[in-house]
*Asks:* 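Can you read through this structure? Questions will come right after.
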Amino acid sequence: MAEPLLEMSGIEKHFPGVQALVDCHFDLFPGEVHALVGENGAGKSTLMKILDGVYERDSGVIKLKGSEVDIPNTATAQRLGISMIHQELNLMPHLTVAQNIFIGREPQGRLPFVLDERALNENAAALFEKLRLHLDPRKRVSALTVAQQQMVEIAKALSFNASVLIMDEPTAALTDKEIDELFRITRQLRGEGVGIVHISHRLQELKQISDRVTVMRDGHVINTVATADATVEQIISMMVGRTIFEAAPEVPEVTNPEVVLEVRNLNRGRAIRDVSFSVHRGEIVGIAGLVGAGRTEVARAVFGADPIDSGEILIHGKKVKISGPIDAVHHGIGYLSEDRKRYGLALGLNVETNVVMASLQRFVGRLGIVRSGLTRVAAERQVQNLAIKTPSLSQRVRNLSGGTQQKVVVAKWLTADTEILFFDEPTRGIDVGAKSEIYQLLNALAHEGKAIVMISSDLPEILRMSHRIIVMCEGRVTGELTAAEANQEKIMTFATQREAAA
Amino acid sequence: MSNAPGLPLPAGRSGALIRADFFQRFLAFGALIVLILFFQVWCVAIGTNFLTFENLVNILVATAVVGVLALGETFVIITGGIDLSVGTVLTISMVMTAVCITSQHLPVPVGILVGFLTGGLMGLINGVLVAHLKLAPFIATLGILNVARGLSLVLTQTRPIYFAGDNGFQSGVMGNLFGVKLSGEFGIPIIAILMFAAALFAAFLLGKTVLGRYTFALGSNEEAARLSGVNVAKWKMLVYVVCGLFAGLAGVLSAARLGSAQPATGFGLELSAISAVVIGGTSLSGGEGTILGTVIGAFIVYVLTYGLQFVNVPQEWQIVVTGIVVIGAVYIDNLRRRQRA
């Protein structure tokens, strides 16, 4: 590796109110996978978006193959052979695969502006052949799986003859098998001399795929090391700026065995089959299982978000009828969706409005006017109580970090006086430092006597947090373990215990 | 789903897409047929006949102006936008044509060209407001609606401009094809032929050209298009120009049809045009739509209007029914979308 393909030095970027990047250096060699890690808001995406022409740098130098370049927009980046696959997939669902790949540079026939659809599809097919991908160029993108859409993005990026390929959290939405396929293509491209930047939260996978790792924190590049020379723990401590010990499971004894929520023989189609479980006061019950095991479906059914075919729900021993989320909230049940941006928050509204969203009725005075003095006090109390890091109550939730957003959702349900809380993947998309805060929060809530159900695909998280673990597979409860007897192997055994062929 | 690389692609492998499209066309077309049969049954019941050549010609003529207006509107709606100004842009184009031909004594083709380009100019203004100044399409085009409406009144001094005598313009547009009378005075109206020609051109523009591709791309995911290096502002502006040009053409046709420029005509036609587009299956949230659907949608609107007139339903009730039909169309569209998801 003689000459770097790419060199960024002294990069600075300022957004209103934030110094996003400070004197950042980054380089990339041909035929290298360079991982870029850091907590949310560390500046990884910003740095790469400068390279891709989405943002313009305030100062600093970018050198590509030894010569200085200026990248004012995406089109320039593409011309220079720099392509970025953004975290949110950027495809046009109504167009076909081939139409998406060649958007902006459609092959044209003899007449200007007239499309040559045949050439378009042939070019796409040729591209897939090169990548050994099986995709139909004529298929509509809306009909593809997330993984297939990602492959379309990669094919599109490479169709620019990219020598620099930036992937922002490419594995976030993929299954293990799909990740293997992604890595196969990544390695193939590396073999062809492409320089690849791999942004990720999943530190384990960096070991599998990357040659070097650069760690960023608070807009600074902290260090660049060869992946082989660093342990995951070292990388984490560089990311958070302190050493984090994998804390021993904090599982305080449940002293009050009162059953708060009991679910009996819940059924809904093939998604939920004869599910029964109970949750005690002050207890955290973990629901483990593979994706598609029916865990979210159970939470949604208890919360009344989906109709059930049969089954009983008892709260404090009394049978209740929950035919919609309104009933659930009335009975003190809160549901924190795994997709909090879509189902948990009104991103464009401020902290205060979000906090009182589920309990607004209580703050309404005569004539239906919202009593803003009371909502402010209530929101203020939650912000202090949960240590929500926000400059003010009028800050838009969109501008907060993932962990802080999660706390706002919790605050919303606490304000609504819920005593049963369903957490669906509470730490998904939340960076390492903020995770432990969420864990502390869950423990504190249990300590206060809330009954908590936590759905998680992260086994260490389930083991660390739960007093009791329910394991699901194919819509059924296949096992129940106490904290003392549970370990990863036992959980996985239950989670893969498929129904015997009938 | 998968396709062996390198082999020739099997035609129409994207079966789901074609079926959905087919269903969409069939739905609107089926509704049109049902509507015509409905009026036929009603007419027979009151002792008359709906399915006559005269009625067909009348409906064709009645549909032509709004049909052309709706063609341009289709492009804008597919991008996820809306153009509320098309009705009064039609008016000002009509007025400009009339002013050129009458008070300015310019040759008829020049008048037609000026009317057409006036529409394009108004579209350009809409486009600059929406694409470059980033105003919400609803507000920007609402503003232009009133600008065009007011200017039309100023230019005509609030009085209609009549064409003096026959200058070949009216008879050229409103006459029968090749002058052939097929039934009484009725032949195939040239104005309808012009509408179909405009529709063919619009379908070509939408389906086969770069402009059409970007029209869909903008409506499907504008940010993705931008990040792919598409000059979003430029193409969005052009879409509004195209819409304006079709409105200009509709204005010219309208002038010929009325034999005059009526400064109060046009206002309100934007709603008929938008109805036609939506009934034709174009999604108001952008990303999908067809020209064929819009043409069928325009016919549905006018078969309904004409039919209700023909069976002597009072005009005020005709308006109510048209409103209900639009709501029904959007609801059906909603159901279909939910099914597909």
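Keep in mind the model is a prediction, meaning the values are calculated, not measured. Chain identifiers are assigned alphabetically (A, B, ...) following the order of the sequence lines, protein sequences preceding nucleic acid strands; residue numbering begins at 1 within each chain.
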*Asks:* I'd like to know if A:E297 pairs up with A:R270 as an ion pair, taking the criterion as any Lys NZ or Arg NE/NH1/NH2 lying under 4.0 Å from an Asp or Glu carboxylate oxygen.
*Replies:*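 No.
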
*Asks:* Determine, stepwise, if the pair A:S45 / A:D168 fulfils side chain to side chain donor-acceptor pair (under 3.5 Å).
*Replies:* CA-CA 7 Å; A:S45 296; A:D168 195 352; 2.8 Å; yes

*Asks:* With a 4.5 angstrom heavy-atom cut-off, is it the side chain or the backbone of A:R105 that approaches chain B, or both, or neither?
*Replies:*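 Looking at A:R105, just its backbone touches chain B.
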
*Asks:* Would you confirm whether A:K13, through its side chain, and A:E56, through its main-chain N or O, come within 3.5 Å as a donor-acceptor pair?
*Replies:*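 A pair under 3.5 Å: yes.
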
*Asks:* What is the distance from atom CZ of A:R398 to atom CG of A:L345, rounded to the nearest 0.5 Å?
*Replies:*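 Nearest 0.5 Å value for the CZ-CG distance: 11.0 Å.
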
*Asks:* Show the numbers, then the answer: is there a salt bridge (charged side-chain N to carboxylate O under 4.0 Å, His left out) between B:K208 and A:D116?
*Replies:* CA-CA 8 Å; B:K208 301 284 180 201; A:D116 186 346; over 6 Å; no

*Asks:* If you count heavy-atom pairs within less than 4.5 Å of chain A, which of B:A224, B:S228, B:G229, B:S220 leads?
*Replies:*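 Top option by heavy-atom pairs under 4.5 Å: B:S220.
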
*Asks:* Under a 4.5 Å heavy-atom cut-off, does chain B meet the side chain of A:I103, its backbone, both or neither?
*Replies:*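 The answer is both parts of A:I103.
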
*Asks:* Please classify the contact of A:I101 with chain B as side chain, backbone, both or neither, using a heavy-atom distance under 4.5 Å.
*Replies:*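 Answer is neither: A:I101 stays 4.5 Å or more from chain B.
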
*Asks:* Please look at A:V114 and chain B and tell me whether the side chain, the backbone, both or neither of the residue comes under 4.5 angstrom of a heavy atom of that chain.
*Replies:*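 For A:V114, backbone and side chain are both near chain B.
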
